[in-house]
Amino acid sequence: MRAGLAVSLCQATFIEVPGVSVRPLAENLLWYRHILAWHHDGPLAPYGTEILRRVADGYLATCSDSPVYARWRELNPHAARPVAVAP
């Protein structure tokens with residue numbers, strides 16, 4: 001890729017490094033859905049709210065590290081937000 005001879009799909013949070021450029025394909029970015037799940041009676045159940053909060057906070061911090069994605073998120077504030085869904 002660094003020689004300019006390749007194109008690769010990557011997540012929007014991919015951080016540019018020297019010799020590699022990140023560009024959106026079009027107006028909308030490639031979507032990924034990450035799902036966290038645990039049994040409601042399992043050992044993680046009491047920590048579910050905290051786990052979701054920390055994951056969402058980490059994701060949003062990572063988003064701001066990608067200039068391309070941060071700009072897209074500014075233009076599309078309604079899209080690509082972490083969502084917690086209770087059972």
Side-chain angles (χ1 to χ4, degrees):
M1 288 179 30
R2 289 178 192 237
L5 304 174
V7 174
S8 176
L9 297 177
C10 61
Q11 292 192 34
T13 54
F14 183 85
I15 298 170
E16 291 186 66
V17 295
V20 177
S21 296
V22 176
R23 300 292 179 263
L25 293 174
E27 293 179 15
N28 290 316
L29 299 174
L30 185 63
W31 284 82
Y32 286 84
R33 176 173 283 179
H34 301 278
I35 299 174
L36 295 175
W38 53 84
H39 193 279
H40 60 85
D41 291 329
L44 294 178
Y47 307 103
T49 301
E50 179 68 10
I51 291 169
L52 291 173
R53 185 189 64 77
R54 287 180 180 229
V55 168
D57 290 349
Y59 172 77
L60 293 173
T62 301
C63 291
S64 65
D65 290 340
S66 170
V68 172
Y69 192 38
R71 186 173 57 250
W72 183 87
R73 287 178 57 83
E74 287 175 9
L75 298 172
N76 299 275
H78 61 283
R81 295 175 298 181
V83 177
V85 178

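Remember, predicted model here, so these are calculated numbers, not experimental data.
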Spacing of Asp57 atom CG and Leu52 atom CG [to the nearest 0.5 Å]: 10.5 Å
Counting only heavy atoms not in Arg54, do more than 12 sit closer than 6.0 Å to its CZ atom? no
Mind checking the CG-CD1 spacing from Leu36 to Ile51? Nearest 0.5 Å is all I need. 7.5 Å
Walk me through whether Glu74 and Arg71 qualify under salt bridge (Lys or Arg N to Asp or Glu O under 4.0 Å). CA-CA 5 Å; Glu74 287 175 9; Arg71 186 173 57 250; over 6 Å; no
Spacing of Ser66 atom OG and Arg73 atom CZ [to the nearest 0.5 Å]: 10.5 Å
Does the side chain of Thr62 come within less than 4.5 Å of Tyr69's, by heavy atoms? no
